[in-house]
Structure formats: structure tokens, C-alpha cells
**Student:** 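My questions will all concern the structure given below.
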Number of protein chains: 2
Amino acid sequence: MVIATSSDSQHKSCPHNPEISCGNCRLGAICLPLTLEDEEIVKLDEIVRRGRPLQKGEHMYRTGDDFTAVYAVRSGAIKAYRITGDGEEQVTGFYFPGEIIGMDGISKNKYASSAKALETSAICEIPFSRFEELSRQVPTVQRHFFQLMSQEITSDQQLITLLSKNTADERVASLLVSISARNARRNLSDSNFRLPMSRADIGNFLGLTVETVSRVMSRFSKQKLISINNKDVMLLDINRLKEIASITD
Amino acid sequence: MVIATSSDSQHKSCPHNPEISCGNCRLGAICLPLTLEDEEIVKLDEIVRRGRPLQKGEHMYRTGDDFTAVYAVRSGAIKAYRITGDGEEQVTGFYFPGEIIGMDGISKNKYASSAKALETSAICEIPFSRFEELSRQVPTVQRHFFQLMSQEITSDQQLITLLSKNTADERVASLLVSISARNARRNLSDSNFRLPMSRADIGNFLGLTVETVSRVMSRFSKQKLISINNKDVMLLDINRLKEIASITD
DNA sequence: CGGTAACTTGATGCGGATCAATTACCGTGG
DNA sequence: CCACGGTAATTGATCCGCATCAAGTTACCG
């Protein structure tokens with residue numbers, strides 16, 4: 001093995017490593033391959049394209065771009081957003097490793113939203129026409145993709161409920177608990193993590209201003225529910241947070 | 001033809017008439033068969049089940065029921081809603097003839113929401129496992145269903161934006177314009193219709209109280225934008241309403 | 001290390017919620 | 001057909017949570 005001279009010599013263990021397949025990706029258990037047999041994963045692998053990682057701020061796609069593919073996040077974090085009639089941004093979701101994004105493009109064959117990287121992120125591109133074909137051949141793939149889209153619908157509906165009924169405290173607690181749960185799914189700490197998005201993005205997503213988000217988090221901190229150091233968060237009392245978020249399912 | 005003695009002798013021209021197939025349903029142009037060839041419509045017809053009409057207040061399904069089918073509304077109007085952690089209702093959508101409901105049940109194989117009739121409604125039940133099979137055989141069916149789910153996602157995201165950014169006036173105007181457009185799609189009047197849902201349902205859906213909905217509508221009425229007589233609405237200045245709703249797409 | 005963007009904290013104001021009281025509607029039975 | 005009771009809708013008065021405006025403070029990046 002050649003000793004690398006540049007600083008990216010640690011590349012092989014880097015989570016953005018492109019030399020990976022669905023078969024050996026440690027996200028297999030939560031990503032698209034979830035229910036697949038080995039030979040089906042091979043077929044999926046033939047379709048999936050892995051490009052260079054996106055840098056922070058780079059777009060995967062923008063509103064109005066021709067829809068060609070859905071994307072699986074392999075590392076990093078992505079935010080999806082739309083632009084309102086009067087030019088404002090509305091964040092519609094945050095996507096973490098193992099999650100699929102871009103399904104809103106199917107209906108009109110153009111993306112209805114934009115997606116950009118919140119930090120350096122590796123992405124698996126899944127060209128849709130080839131994937132559609134695979135779906136027809138492999139019932140479990142079709143079923144699983146129906147389920148993924150359905151999941152997107154139910155999570156959007158949860159957000160609708162949140163925006164319609166909940167207070168600022170409840171909204172912020174919900175987001176923290178949600179991120180915690182999604183970390184747990186990836187076998188990461190459910191109580192100690194870094195928020196990849198800005199306070200502005202959080203506020204935008206939750207239908208609150210930056211100031212309100214900041215105040216709520218400060219208050220949670222004073223109440224010893226969380227401990228914050230800029231973007232690093234520690235959940236000190238997850239159960240209480242869940243209560244505040246009034247998580248039922 | 002036998003002269004009917006009972007008052008439902010007008011049954012044959014009634015929109016709830018069960019003696020109908022996808023092939024002769026006048027909603028074909030906007031419903032599931034949209035893109036299908038004649039022989040494919042026949043296959044779809046073999047799957048679709050048409051039961052007796054639902055009376056006002058009757059449920060199609062409830063949260064937690066086993067997911068077995070998606071449903072097409074043939075006549076009437078349906079509201080979908082979930083129950084929040086603290087027992088409150090959150091209306092997530094209204095569904096009119098030609099629209100498909102129940103797709104949120106796919107992901108967990110249980111319905112995530114409940115659906116009930118706002119007035120007497122005829123429903124086409126589409127058993128999902130048989131439909132899945134048809135999707136695999138007929139690519140256009142699969143594609144069309146992907147599109148329907150995607151559409152549900154984008155319309156949920158529009159609602160998210162509405163709830164997050166818009167004022168009471170904008171929300172109410174949006175709903176009126178939306179219902180108007182959906183009526184137009186069915187070749188009904190886009191300016192003169194009856195709201196099948198209560199003010200409470202409207203408010204719940206839009207994240208407002210009954211009182212606010214009532215006030216906004218009264219104000220719109222004073223401004224000669226609409227004319228209201230209980231549930232009957234006439235849109236007097238659709239363009240202005242669209243401006244208020246700041247419809248872009 | 002300077003400049004700028006991100007974040008925090010405080011003071012004030014407003015849109016819509018809440019509380020309260022009529023008024024209009026509708027199904028039901030006399 | 002009309003009287004009546006219950007529900008839905010309207011209208012008014014008050015209140016409160018979060019937005020807005022403003023002023024620091026801290027992190028970040030070239």
C-alpha cells in the first residue's frame with residue numbers, strides 16, 4: 001500500500017468513500033435494500049450511481065429541473081426546500097443517511113423542490129426509469145418503494161399537524177426527538193449529536209423565527225433538558241422532551 | 001322498463017349510481033384510468049369494487065385499521081384526519097370525485113389516518129394487493145400510481161408552506177381557489193359551489209379557529225370577493241382571490 | 001486578525017386565539 | 001306545517017404567543 005502524501009489518506013475509512021456497493025453499505029439495513037435478497041441487491045447495485053461527494057451548499061437538484069432520479073443519502077445531510085410565491089424559502093425536510101429524497105419529482109416529471117447539501121455529503125443516484133423497470137421485475141422492490149413514498153406522505157402529514165397545532169416548545173422538542181430517533185436507527189448516539197442545519201433552517205422548517213428557536217433552546221438548556229454548544233446538542237432528558245413533543249407513535 | 005314506485009326511481013341518473021364501470025365513468029379523464037388503453041381499463045375494472053354509498057359521517061377506514069385498499073371518490077366528499085397526541089383532530093385533506101385516498105396506509109400496512117364522508121358519497125375500493133400485481137403487468141399503471149403518490153406528497157408540501165408562512169386571509173383564499181380549480185377539472189362551475197365541510201373542518205385544515213374562518217369569509221364578502229349563504233359560495237373575483245392566495249404554480 | 005454571518009438576548013406590537021353572547025339553521029316530532 | 005331543541009355560524013371583547021425590531025455577542029473563514 002502506498003503511503004499517501006495528501007491529507008485525504010484516511011479516505012478508505014471516510015464515510016464519503018465512493019468505493020462501496022449496496023451490498024456492503026452499512027446503511028443497507030435502513031436504506032432501499034432493506035427487504036432484498038442478495039441477488040436483488042446486485043441488480044440494484046447495477047443501477048445505482050455514486051458520484052463525487054457534494055460540498056456544503058451544493059445542490060442535488062432544483063425546482064423545475066427535469067426529474068431523472070431519486071437519491072439516497074449515504075453520508076452528510078440534505079435539506080429540501082421550495083420557494084414560495086413571494087420568493088421566500090420554505091424548508092420541507094431534512095434528510096439523513098439511509099433516507100430517500102426526490103420523490104416529489106415523479107408527478108410532473110420535474111422536481112417540485114430543491115435539495116442542497118448542509119455539509120459534505122455522499123449521494124447515491126438512482127435513475128428512475130431503470131428503477132421503475134426493476135420495480136416491475138422484483139415485487140419486493142416495488143412494494144418497498146410504495147412504502148417509502150407512503151412514509152414520505154405520513155411524515156409530511158405529521159409536520160402538517162405540528163405546524164397546525166403545536167407551540168414553539170413542542171415543535172423544537174419534536175425536531176430534537178426526531179433527529180435523535182433517526183440517529184439511533186443508524187446506531188449512532190441518540191443523545192449526543194451535531195445539528196447540521198442552521199437555526200434559521202430549523203426555524204424555517206418549524207414555522208418559527210430564528211429568534212424563537214434560539215429562545216426555546218436557551219430555555220430548554222436552563223431547564224437542563226438539553227445542553228447546547230453552538231451546533232452540538234446533548235439531550236439530557238429525552239423522556240421529558242418526548243413528553244413535550246407529545247410523541248404518540 | 002318497470003315503473004318504480006319508490007322515490008329512488010331517479011336512481012339511474014343519480015351520481016351515486018353503482019351500475020357503472022371505469023370504462024363509462026365520466027371521471028375517467030381525471031381518475032386512475034387517465035392514461036390507460038381500453039383493454040387495460042377492463043383489467044382495472046375487474047379489480048375495482050363498488051359498494052353501497054356511504055352516508056354522511058360514515059367512515060371509510062380509521063387510523064390503525066389494516067390497510068387493504070386505496071379508494072377513489074366517485075361522488076360526494078371525504079375528509080381525512082388524524083388524531084393528535086392529546087386527542088385533538090387534525091384534518092389533513094379533503095377529497096373530491098376523481099381523487100384517490102388511503103395511500104398513507106401502505107408504509108406500515110395500517111392506515112395512518114381516518115377518512116369519513118362529509119356527505120353521501122360513492123366510493124370505488126381498489127384492493128391493493130391485486131392493484132400491485134396489475135401495476136407490475138402494466139407499466140403505465142405503475143407509473144400513474146407513482147405519480148399519484150408523488151402528487152399527494154407535493155400537495156402536502158404546499159399545505160406545509162401554507163401553514164408555515166401564510167396569513168389567515170391567504171389560507172382561506174387558497175382553499176377557495178383550490179376547490180374552485182378542482183371543480184373546474186370536473187367540468188363543474190369554478191365560481192359557484194357548495195362547501196361540503198363545516199367551518200370547523202375548514203379551520204382545522206387551515207390551522208385556524210372557526211371564528212377566524214368566519215371572520216375572514218365575512219370580510220371577503222364585504223369586499224365583494226365572494227358571496228356566501230351558509231355553505232353555498234360564489235366567487236365574485238377569482239383573480240383577486242388568486243392574488244391573495246399568491247398562487248404561483 | 002479583521003470582517004461577516006450566525007446566534008443570542010431584550011423590548012415592543014400585532015394577528016389570531018380564546019372567551020362570551022347572539023343569531024341562523026336543520027332535523028324531529030307533535 | 002310549525003314549534004322546538006340542538007348544532008353551526010357569526011360577531012364582539014380581550015388576551016397571549018410569537019413576530020418584529022433592535023442591539024449586542026460569538027463563531028467562522030479567508
Side-chain angles (χ1 to χ4, degrees), chain A residues 55-57 77 79 84 86 88-91 116 118-120 161-176 194-223 226-233 244, chain B residues 55-57 77 79 84 86 88-91 116 118-120 161-176 194-223 226-233 244:
Chain A
Q55 296 305 309
K56 175 173 175 171
K79 83 164 173 185
T84 66
D86 46 340
E88 279 182 290
E89 181 175 314
Q90 171 66 48
V91 176
K116 75 152 82 161
L118 291 166
E119 56 192 28
T120 305
T161 305
L162 194 77
L163 292 172
S164 184
K165 292 254 186 313
N166 293 13
T167 64
D169 282 17
E170 290 162 350
R171 296 182 200 197
V172 173
S174 286
L175 181 62
L176 292 174
R194 184 182 166 77
L195 297 172
M197 70 295 281
S198 68
R199 300 285 190 274
D201 284 335
I202 293 176
N204 191 311
F205 177 67
L206 296 176
L208 302 170
T209 57
V210 195
E211 294 95 323
T212 301
V213 173
S214 187
R215 273 186 255 271
V216 171
M217 293 186 100
S218 297
R219 185 146 22 87
F220 281 178
S221 182
K222 277 195 200 95
Q223 295 168 179
I226 66 177
S227 142
I228 30 173
N229 189 342
N230 199 23
K231 305 215 167 191
D232 292 311
V233 186
I244 293 172
Chain B
Q55 295 306 309
K56 175 174 175 171
K79 84 165 173 183
T84 66
D86 45 341
E88 279 182 290
E89 181 174 316
Q90 171 65 47
V91 176
K116 75 152 80 159
L118 290 166
E119 56 191 29
T120 305
T161 304
L162 194 77
L163 292 172
S164 184
K165 294 256 185 311
N166 292 15
T167 63
D169 283 16
E170 291 163 349
R171 296 182 200 196
V172 173
S174 286
L175 181 62
L176 292 174
R194 185 182 165 78
L195 297 172
M197 71 294 282
S198 68
R199 300 286 190 274
D201 285 335
I202 293 175
N204 190 313
F205 177 67
L206 296 176
L208 301 170
T209 57
V210 197
E211 293 94 325
T212 300
V213 173
S214 186
R215 274 185 254 272
V216 171
M217 294 186 99
S218 297
R219 186 146 19 86
F220 282 178
S221 182
K222 278 194 199 96
Q223 297 168 177
I226 65 177
S227 142
I228 30 174
N229 190 342
N230 199 22
K231 307 217 168 191
D232 292 310
V233 186
I244 294 172

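Below, read A as the first sequence line, B as the second, and so on, with proteins coming before strands; counting in each chain starts at 1.
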**Student:** Would you give the length of the straight line joining atom NZ of A:Lys165 to atom CZ of A:Arg171, rounded to the nearest 0.5 angstrom?
**Tutor:** 11.5 Å
**Student:** Is there a side-chain contact between A:Glu88 and A:Asn204 (heavy atoms, below 4.5 Å)?
**Tutor:**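 Not in contact.
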**Student:** Residues from residues 226-233 of chain A sitting under 4.0 Å of DNA chain D, heavy atoms only?
**Tutor:**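 A:Asn230 - these, ordered by number, are the residues of the stretch whose heavy atoms sit under 4.0 Å from the strand.
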**Student:** Give the first and the last nucleotide of DNA chain D, reading 5' to 3', that has any atom under 4.0 Å from a heavy atom of chain A.
**Tutor:**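 Extent of the interface on DNA chain D: D:dC18 to D:dC28.
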**Student:** Mark yes when over 12 heavy atoms from residues, nucleotides or ligands other than B:Lys56 sit less than 6.0 Å from its NZ; otherwise mark no.
**Tutor:**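 Check fails, neighbour count at 12 or below.
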**Student:** To the nearest 10°, give me the bend of the helix from C:dC1-D:dG30 to C:dG30-D:dC1, comparing the axes of its five terminal pairs at either end.
**Tutor:** 50°
**Student:** From A:Met217 CE over to A:Lys222 NZ, what is the distance, rounded to the nearest 0.5 angstrom?
**Tutor:**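 With rounding to 0.5 Å, CE (A:Met217) is 13.5 Å from NZ (A:Lys222).
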**Student:** Using a cut-off of strictly less than 4.0 Å between a heavy atom of the residue and any atom of DNA chain C, enumerate the qualifying residues of residues 200-213 of chain B by number.
**Tutor:** B:Gly207, B:Leu208, B:Thr209, B:Glu211, B:Thr212
**Student:** When all nucleic acid strands are considered with a 4.0 Å heavy-atom cut-off, which category describes A:Ser214: base, sugar-phosphate, or nothing?
**Tutor:** base
**Student:** Would the distance check show the side chain of B:Ser174 and the main-chain N or O of B:Glu170 forming a donor-acceptor pair, the cut-off being under 3.5 Å?
**Tutor:** yes
**Student:** Output all residues satisfying side chain to side chain donor-acceptor pair (under 3.5 Å) with A:Ser164, sequence neighbours left out; order by chain, then residue number.
**Tutor:** B:Gln90
**Student:** Do any side-chain atoms of residues 207-216 of chain B form donor-acceptor pairs under 3.5 angstrom with protein atoms, and if so which ones, sequence neighbours left out?
**Tutor:**
residue: B:Thr209; atom: OG1; partner: B:Thr212; partner atom: N; Å: 3.3
residue: B:Thr209; atom: OG1; partner: B:Thr212; partner atom: OG1; Å: 3.1

**Student:** Partners of A:Arg194 by side chain to side chain donor-acceptor pair (under 3.5 Å), sequence neighbours excluded?
**Tutor:** none
**Student:** Check each of B:Asp232, B:Ile226, B:Asn230 against B:Ile228 using the side chain to side chain contact (heavy atoms under 4.5 Å, CB included) test, and report the only one that passes.
**Tutor:** B:Ile226
**Student:** Would you grab the first and last nucleotide of DNA chain C (5' to 3') that comes under 4.0 Å of any non-hydrogen atom in chain A?
**Tutor:** C:dC7 to C:dA11
**Student:** I need the minimum non-hydrogen distance between B:Pro196 and B:Lys231, along with the two atoms involved.
**Tutor:**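 Taking every non-hydrogen atom into account, O-NZ, 4.3 Å.
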**Student:** Rounded to the nearest 0.5 Å, how far apart are CG of A:Leu175 and CD1 of A:Ile202?
**Tutor:**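 One finds 6.0 Å between CG of A:Leu175 and CD1 of A:Ile202.
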**Student:** Give me the atom names and distance for the closest heavy-atom approach of B:Lys116 to B:Gly57.
**Tutor:** CD-O, 4.0 Å
**Student:** Can you name the salt bridge (Lys or Arg N to Asp or Glu O under 4.0 Å) partners of B:Glu89, sequence neighbours left out?
**Tutor:** B:Lys79
**Student:** Not counting sequence neighbours, which residues clear side chain to side chain contact (heavy atoms under 4.5 Å, CB included) with B:Gln223? List them please.
**Tutor:** B:Arg219, B:Phe220, B:Leu225
**Student:** Measure across B:Leu206 and B:Leu163 and return the closest heavy-atom pair with its distance rounded to 0.1 Å.
**Tutor:** O-CD2, 3.3 Å
